[in-house]
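First up is the structure itself, then whatever we jot down about it.
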Amino acid sequence: MKKDQSTDVLVTINIPQFQQDLITWFEKEQRILPWRENTDPYRIWVSEIMLQQTKVDTVIPYFNRFIEKFPTLEDLAYASEQEVLKAWEGLGYYSRVRNLQAAVREVVEKYDAKVPTDVDALASLKGVGPYTKGAIMSIAFSKPEPAVDGNVMRVLSRIADIEEDIAKASTRKIFENVVRQVISQTNPSAFNQGLMELGALICTPKNPSCLLCPVQQHCIAFQKGKQTELPIKSRKLKKKTIHYYTFVIENVSQEVVLEKRPDEGLLAQMWQFPMVEKDKVSEQFIETYLTKKYQISSIELIKMEPIKHVFSHLTWFVDVIYVKVKDEDIQIERNEEVVTIEQFNQYPLPVPHQKVYDQWLSVLAD
DNA sequence: AATGCGGGGGA
DNA sequence: TCCCCAGCATT
């Protein structure tokens, strides 16, 4: 059974009062954040991409370094992919930055390096979805477009007592319709940011601070005492696990082998210590596998600390093996390189392999 | 409509 | 442990 959410909101909320309460609170209480220094569309854009599924505190240092390195849209467009990936190292969801650079290059070519103010042009850019489009339109261009993220769905589900499952893709549109009805036409930027800031600071997932809430008087869930029961969110299935061996293959010159991951999929185009699924190589044949693959004869294998790494959809268990090679030459494949310690900072590594790298360094220090 | 895609922090 | 986080692309 479905309620008519549109009517619900309209008859229940004093919209002008709600807008004023929210905006006044936001203007007064908003956090000082680097991307709030101005409304440069490029900076807003970068911040919005970084903030996807990522907390503000995590983003801040990345944003500052990124903008310092790529101050303008054109700086980013002309940078090398590897340099850009390196600037994103550790932030996760790396396709975000590859899409961002592709989009920025398109803006340089098609729109004279100006972020398009047209909604559809903006939405057509790689990596710019319904949320990011609305965020840029409202924050950078002051246009009254909805920008519905997880915060907004949580806040509005409580304000308007909406019981739709926010885990479902189709639910976002319901909230966009709600926002279209209640958004401030005169200050859509502060309104949208206010909803999100409220979700981050007051209307939190657990233990919301309703007594401090600037829009408490508008909140149906609070009136009903059911604020902790909203939003409704179905949970998802268990993760898969994969077991790997990874090898720190060090030659007599204290260099190691790195391999580049494929162009698509998990951790695309990132670098790692050579890794193989345990299914493919049983423990007793590791030495055979290595000597054959790298065309070497004299090696010593030393077990290091295993690593567990949890992704959003799967878990890696990685056995780390330190391989000291006595041979002069190592035969490597096309996607591999032999790297010195000094060169390491040029290679973007995912976090689990940064941990391997740290282990290797501490061994060398002994 | 469902799934793949990172990583960190809080309860 | 599980959940959550200023989501998007692909199928």
Side-chain angles (χ1 to χ4, degrees), chain A residues 26 30-31 33 35-36 44-63 85 88-100 102-103 123-140 145-155 165-173 175-176 179 189 191-201 203-208 228 231 233-240 242 261-262 264-270 272 307-316 348-355:
Chain A
F26 175 72
Q30 63 171 299
R31 291 166 290 182
L33 299 172
W35 48 90
R36 288 179 174 162
I44 302 298
W45 186 3
V46 170
S47 74
E48 292 302 340
I49 300 297
M50 285 188 172
L51 286 162
Q52 288 169 9
Q53 299 299 101
T54 311
K55 290 208 163 76
V56 164
D57 289 343
T58 304
V59 166
I60 291 172
Y62 280 92
F63 179 83
L85 207 47
W88 208 268
E89 181 187 71
L91 197 51
Y93 285 150
Y94 300 96
S95 65
R96 289 185 292 178
V97 76
R98 293 187 288 115
N99 287 335
L100 175 61
S124 74
L125 296 170
K126 269 197 172 140
V128 178
Y131 164 75
T132 304
K133 168 189 66 176
I136 295 174
M137 288 302 291
S138 59
I139 300 171
E145 289 287 325
V148 174
D149 68 342
N151 284 311
V152 172
M153 288 197 281
R154 182 173 61 257
V155 170
D165 181 0
I166 67 166
K168 288 172 57 183
S170 56
T171 300
R172 195 200 67 248
K173 291 188 176 180
F175 285 94
E176 285 178 348
V179 172
S189 172
F191 182 89
N192 277 345
Q193 292 189 79
L195 282 181
M196 293 188 274
E197 196 81 345
L198 192 67
L201 301 182
C203 196
T204 47
K206 290 166 188 169
N207 307 320
T228 57
K233 185 170 188 180
S234 59
R235 37 185 296 244
K236 43 191 161 196
L237 342 50
K238 258 184 53 190
K239 310 184 207 295
K240 295 175 184 173
I242 312 182
R261 294 179 60 88
E264 297 184 339
L266 180 66
L267 303 170
Q269 297 176 42
M270 305 280 288
Q272 64 185 16
I307 288 173
K308 177 188 178 185
H309 189 78
V310 179
F311 296 89
S312 49
H313 58 303
L314 58 86
T315 304
W316 281 2
L349 264 60
V351 166
H353 284 271
Q354 291 177 38
K355 291 176 181 168

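In what follows, every chain begins at residue 1, and chains take the letters A, B, ... in the order their sequences are listed.
Between the CE atom of A:Met153 and the C1' atom of C:dC5 there is a distance of 12 Å, given to the nearest Å. In this structure, the NE2 atom of A:His313 is 13 Å from the C1' atom of C:dT10, given to the nearest Å. The distance between atom CZ of A:Arg98 and atom C1' of B:dG6, rounded to the nearest whole Å, is 13 Å.
For A:Leu33, taking side-chain heavy atoms from C-beta onward, the closest of the listed nucleotides B:dC5, C:dC5, C:dA6 is C:dA6. Closest to the A:Ala200 side chain, of the nucleotides C:dC5, C:dA6, B:dG7, is C:dA6. Closest to the A:Arg96 side chain, of the nucleotides B:dG6, B:dG8, C:dA6, is B:dG6. Picking from B:dC5, B:dG8, C:dA6 the nucleotide with the shortest atom distance to the side chain of A:Val351 gives B:dG8. Here the nucleotide nearest the side chain of A:Lys308, chosen from C:dT1, B:dG7, C:dA6, is C:dT1. Counting only heavy atoms from C-beta on, A:Lys233 has its side chain closest to C:dC5 among C:dC8, C:dA6, C:dC5. Checked against C:dC5, C:dG7, B:dG8, the side chain of A:Thr132 finds its nearest nucleotide in C:dG7. Here the side chain of A:Tyr93 is nearest to one of C:dA6, B:dG6, B:dG4, namely B:dG6. If you check C:dC4, B:dG7, C:dG7 against the side chain of A:Gln53, the one that comes closest is C:dG7.
Residues A:Trp35 and A:Ile139 form no side-chain contact, since every pair of their non-hydrogen atoms from C-beta on lies 4.5 Å or further apart. In this structure, the side chains of A:Glu48 and A:Val128 stay at 4.5 Å or more apart for every pair of heavy atoms.
As the counterpart of B:dG6, no nucleotide is assigned, since no Watson-Crick or G-U wobble pattern has both distances under 3.5 Å.
Across the interface with DNA chain B, nearest-nucleotide mapping of A:Leu314 and A:Lys355 shows A:Leu314 to be the residue nearer the 5′ end. Place A:Gly92 and A:Ser170 on DNA chain B by their nearest nucleotides, and A:Ser170 ends up nearer the 5' end. Taking for each of A:Gly127 and A:Arg36 the nucleotide of DNA chain C with the nearest heavy atom, the 5'-most of the two is the partner of A:Arg36.
One P atom belongs to B:dT3, the other to C:dC3, and the distance between them is 16 Å to the nearest Å.
Counting any heavy atom pair closer than 4.0 Å across all strands shown, A:Pro352 reaches sugar-phosphate atoms only and no base atom.
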